[in-house]
Structures are given as structure tokens and as C-alpha cells.
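What follows is one structure encoded as C-alpha cells, with my remarks underneath.
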Amino acid sequence: MRVLILGGDGYLGWPTAMNLTASGHEVAVADNYLRRRLAQEEDVEPLFSPPNLFRRVELWREISGHSIKPYIGDLCDWSVMETIFRTFRPEAVVHYAEQPSAPYSMLNRRAASLTLSNNLGVTSNLIFAVREFAPEAHIVKLGSMGEYGTPNIDIEEGWIDIRRNGREDRFLYPRQAGSLYHTTKIMDTDLLWFYVRMWDLRVTDLMQGPVYGIVTRETEENEDLLPFYFYDEIFGTVLNRFVVQAVAGHPLTVYGRGEQTRGYLNIVDTLDCVRLSLENPADRGQLRVFNQFTETFSVNELASRVVRAGKALGLNVGVTPVSNPRKEKEEHYYNPKHSHLLELGLKPHLLTDEVVTGMMQRVLRHRHAIRHKAIIRGVKWA
Ligand code: USQ
């Protein structure tokens with residue numbers, strides 16, 4: 001299959017590109033290095049700097065023999081999107097090309113505006129490009145479990161049947177996000193659902209939880225193929241942050257009471273979920289929604305696992321609860337369903353102590369590069 005990855009330079013985009021070529025697909029990646037630029041602007045660069053997309057593509061070809069076609073450009077610019085569609089003619093598109101950080105979206109007016117215009121601009125250009133140049137192409141869109149928020153009822157897999165006054169219908173499960181970034185994901189879903197109804201697009205929305213990990217099957221041998229590893233307050237997700245904090249001797253930053261519960265997954269499982277979704281496409285006129293995570297944990301549970309794994313490596317890991325910079329429930333009911341990807345064949349890689357120590361060992365090699373001042377940046381929700 002010819003697969004176009006929008007956001008192919010990112011934490012998940014680049015490993016997805018390697019994984020899909022290793023599985024026999026023809027891949028192009030598009031990116032404007034937005035994430036690299038924003039991290040530079042905020043002085044929160046990743047633990048190590050991966051080479052640019054052209055060099056990553058060259059290196060991957062030398063190592064694996066697989067080619068990836070890189071396009072550098074801003075996908076909010078219609079002429080960029082149009083050129084890519086005309087020249088590559090994708091049969092499927094994976095859409096990661098978004099400003100992906102909840103804290104960044106809450107930083108200030110400029111960051112909020114960039115998040116809104118970038119995320120919705122790329123999604124709408126993608127929809128129009130598919131309609132015009134590739135109406136049969138399957139769109140696999142990265143959504144977020146955070147779109148649902150933390151309702152006091154079970155979270156269904158995308159849709160909910162509602163019976164009222166003796167009649168029944170099926171609707172998108174109610175969304176109520178906890179950050180502007182997550183709200184743009186809801187708006188993406190609404191746009192896609194509208195055009196699925198109007199133009200019979202094929203769409204899969206992957207409602208993903210926080211991802212952890214660095215190494216994938218394709219990167220094991222070569223550190224220059226690793227994805228970005230952010231550990232700062234703005235771009236780092238919680239478990240990746242805790243692992244770096246443990247190595248750096250910084251107390252783990254549990255926000256508030258630490259009972260916030262989310263659905264997590266290993267980066268290796270993200271790649272499998274995306275590949276399984278592509279290889280089993282949605283029908284024309286169908287919006288499928290898959291909840292993409294493998295296990296739920298509270299922040300306190302993650303912290304205890306990191307403390308335990310740190311001990312095994314001789315690290316003395318402390319935990320210091322910090323006042324919660326976010327506006328979120330710190331204790332809540334959380335029971336999201338997640339069977340569709342398992343039914344398609346996902347074999348989860350669960351969070352064992354070996355996985356956490358493996359991450360720590362990798363981070364230990366880059367210990368000298370950890371900057372304590374990136375760990376807490378004081379971005380407040382309210
Ligand atoms: N948290 C801490 N301490 C930290 C960092 C985070 O206690 O140092 C807590 C947060 O308050 C939150 C939870 O850990 O309750 C998860 O936070 P996160 O930063 O790992 O994830 P989040 O900002 O919610 O967003 C991330 C990804 C996003 C994805 C989302 C899935 O950046 O792209 O969509 O995870 S979900 O969290 O289910 O919305």
C-alpha cells in the first residue's frame with residue numbers, strides 16, 4: 001500500500017514510517033519540523049537530537065534497504081498538500097501532523113492560536129486533498145483518549161446508543177476535553193465525521209492514550225534512528241518524564257493527589273495499532289473509532305513502578321507531589337472499553353519492570369544531557 005505519513009518527523013511519525021516499510025508498504029513522510037522549532041523556542045529540546053528527515057531516510061535505506069520519500073513543507077499550505085498528493089498518490093494517509101502537546105496549547109494566546117490553526121488547518125486540507133486526488137484513500141487519524149475526559153460512566157469505543165422517550169439512536173460518545181490541544185482533536189473528529197457523511201470518506205480515528213518508550217523493533221541497532229525523547233513539562237508525557245527524573249535524581253513530579261488515571265501504551269504497540277488499522281481499512285462512508293491503549297494506571301501507580309525499577313538499578317528515586325498545574329479531576333471513575341484493536345490482532349507489550357529498566361538504561365547513556373530546568377516550567381491551566 002502507498003501510505004503517506006503527515007507529521008513523519010515526530011515521536012510516532014518516524015518510527016511508523018520505518019515500521020511500515022519493514023512490513024512491505026511504500027511510504028512517504030511529510031513534515032515542516034514544527035515540533036523541533038517549538039521546542040527550540042521554548043528551550044526544551046529532546047534528550048538527544050535525531051538527524052533531520054533526509055539523513056534519517058538515508059540511514060534507514062543503508063541499514064534496511066527500504067526507501068522512504070521525504071517532503072518538507074507546511075501542510076496548512078494547500079499548495080504543499082496538493083503537490084504531495086499529486087506526486088505520491090497515497091492509498092492511505094496517517095495523520096499525526098498536529099501540535100501535540102496539551103501544556104503547550106495552554107501556554108499563552110500565541111500558542112493557543114498556533115495549536116488551533118495548525119491542527120484544524122492540516123485536517124481540513126487533508127480532507128479536501130483526499131476528496132480531490134484520492135477519494136478511495138483511507139485516513140487514519142490520531143485522536144486522543146483525552147477527548148472523552150473523565151466521565152462518571154463507562155467510556156464506550158467511540159459511539160454510544162441513546163434511548164430517549166421510547167426512541168433510540170447512535171451518536172458519537174460525548175467529548176469533554178481537558179486542554180485546548182485535546183479540544184482541537186474533538187474538532188478534528190467533528191470535521192471528519194461531517195465529511196464522512198457528506199463525501200463518503202473512509203476514516204479511522206485512533207483515540208490514543210499517553211505513549212511511553214523509545215526503542216522500536218526497527219531502531220534497536222542504531223541510536224540515530226531513535227525518535228525524539230522529550231522529558232520536559234511541555235512536550236514530555238508522564239512516564240517518559242518520570243524515567244528521566246529517576247535517572248537525574250529529580251523527585252518524580254506527581255501532580256496533585258496522583259489518582260488521575262489514563263490508558264497507556266508502549267510505542268511498539270502504537271506502531272502495531274496504526275499498521276493493523278491500515279491493513280484492515282474502514283469502508284467508504286464509515287468513521288471507525290478505536291480506543292488505543294493497553295492498560296490503565298494512575299499517576300501514583302506509574303511512580304511506584306519507576307521507584308521500584310530505579311531501585312533495581314541502584315538509583316535512589318524519590319517522589320515529591322507538586323501542586324497540580326492542570327485543571328483536572330485528581331480522583332475519578334475510569335473504565336474505557338478497548339476491544340477493537342485486540343480483535344484486529346494487537347498483541348500488547350505490557351508495562352513490566354523490565355520495560356521500565358530498559359528505558360532507564362537507555363536514558364542513562366544520555367544522562368549528561370539532562371537539563372533540570374526543563375523538568376518544571378510552570379505552565380498553568382487556570
Ligand atoms: N502528570 C503528572 N506529572 C507529570 C506529567 C503529567 O502527574 O509530570 C499527569 C497529568 O496531570 C495527567 C497524566 O499525568 O493527569 C497524563 O499526562 P501526560 O502529560 O502524560 O499526557 P497528556 O498531556 O494528557 O497528553 C498525552 C499526549 C497526547 C495524548 C494524550 C492521551 O501528549 O498527545 O493525546 O496523552 S490522554 O492523556 O489520554 O489524553
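Indexing begins at 1, ligand by ligand and atom by atom, following the structure's order. Worth saying up front: this structure is predicted, and the values here are computed from it rather than measured.
- Closest protein heavy atom to atom 21 (O) of ligand 1: P210 CG, 4.0 Å.
- Close N/O approach between V238 and ligand 1 is found [any backbone or side-chain N/O within under 3.5 Å].
- Ligand 1 has no atom lying under 4.0 Å from any heavy atom of F235.
- Considering backbone and side-chain atoms together, Q245 places no N or O closer than 3.5 Å to any N or O of ligand 1.
- Near T253, the atoms of ligand 1 lying under 4.0 angstrom from a non-hydrogen atom of the residue are 2 (C), 3 (N), 4 (C), 7 (O), 8 (O).
- With hydrogens and angles disregarded, a donor-acceptor distance shorter than 3.5 Å links the side chain of E295 to the backbone of L351.
- Between K185 and E147 there is no salt bridge, since none of the side-chain N atoms of the basic residue sits less than 4.0 Å from a carboxylate O of the acidic one.
- Regarding atom 34 (O) of ligand 1, its nearest protein heavy-atom neighbour is S144 OG, 2.7 Å.
- Polar contact check, E328 against ligand 1: a nitrogen or oxygen pair lies under 3.5 Å apart.
- For ligand 1, the atoms sitting less than 4.0 Å from at least one non-hydrogen atom of R262 are 15 (O), 37 (O), 38 (O), numbered in the order shown with element in parentheses.
- Applying the 4.0 Å criterion to heavy atoms of A102 picks out, from ligand 1, the atoms 23 (O).
- Any N or O atom pair closer than 3.5 Å counts here, and N324 shares no such pair with ligand 1.
- W193 has its ring centre no less than 6.0 Å from the ring centre of F171.
- A salt bridge links R37 to E41: one of the charged nitrogens lies within less than 4.0 Å of a carboxylate oxygen.
- Using a cut-off of 4.0 Å between Lys/Arg side-chain N and Asp/Glu carboxylate O, R36 and E45 are scored as not salt-bridged.
- At least one heavy atom of G209 lies less than 4.0 angstrom from ligand 1.
- Electrostatic pairing of E26 and K69 does not count as a salt bridge here, judged by no charged N lying under 4.0 Å from a carboxylate O.
- Counting heavy atoms only, Y264 comes closest to atom 16 (C) of ligand 1 of the residues F293, Y264, Y255.
- The shortest contact between atom 33 (O) of ligand 1 and any protein heavy atom is with Y181 OH, 2.8 Å.
- At a 3.5 angstrom cut-off on N or O pairs, S101 does not count as close to ligand 1.
- Nearest to atom 39 (O) of ligand 1 by heavy atom, out of M145, H182, Q99, is H182.
- Those atoms of ligand 1 with a heavy atom of V299 less than 4.0 angstrom away are 7 (O), 9 (C), 14 (O).
- Per-residue contacts place Q208 under 4.0 angstrom from the following atoms of ligand 1 (heavy atoms of the residue considered): 31 (C), 34 (O).
- Heavy-atom proximity to Q260, at under 4.0 Å, picks out these atoms of ligand 1: 11 (O), 15 (O).
- The aromatic rings of Y195 and F128 lie perpendicular to each other, with more than 60° between the two planes, well past the 30° mark.
- Near T237, with a cut-off below 4.0 Å to any heavy atom, the atoms of ligand 1 are 20 (O), 26 (C), 27 (C), 32 (O).
- One N or O on the side chain of R284 and one on the backbone of D200 form a donor-acceptor pair closer than 3.5 Å.
- Considering each of M106, R326, E98, E259, the one bringing a non-hydrogen atom nearest atom 17 (O) of ligand 1 is R326.
- A salt bridge does not link D232 to R371: none of the charged side-chain nitrogens sits closer than 4.0 Å to a carboxylate oxygen.
- Here is the list of ligand 1 atoms found below 4.0 Å of a heavy atom in G146: 36 (S), 38 (O), 39 (O).
- Ring geometry for W60 against H66 counts as tilted: the plane angle lies between 30° and 60°, on a 0 to 90° scale.
- With sequence neighbours excluded, the residues forming a ring pair (Phe, Tyr, Trp, His ring centres under 6.0 Å) with Y148 are Y173, listed by chain and number.
- Residues satisfying the ring pair (Phe, Tyr, Trp, His ring centres under 6.0 Å) test with Y96, not counting sequence neighbours, are none.
- Salt bridge status for K311 with D353: absent, with no side-chain N to carboxylate O gap under 4.0 Å.
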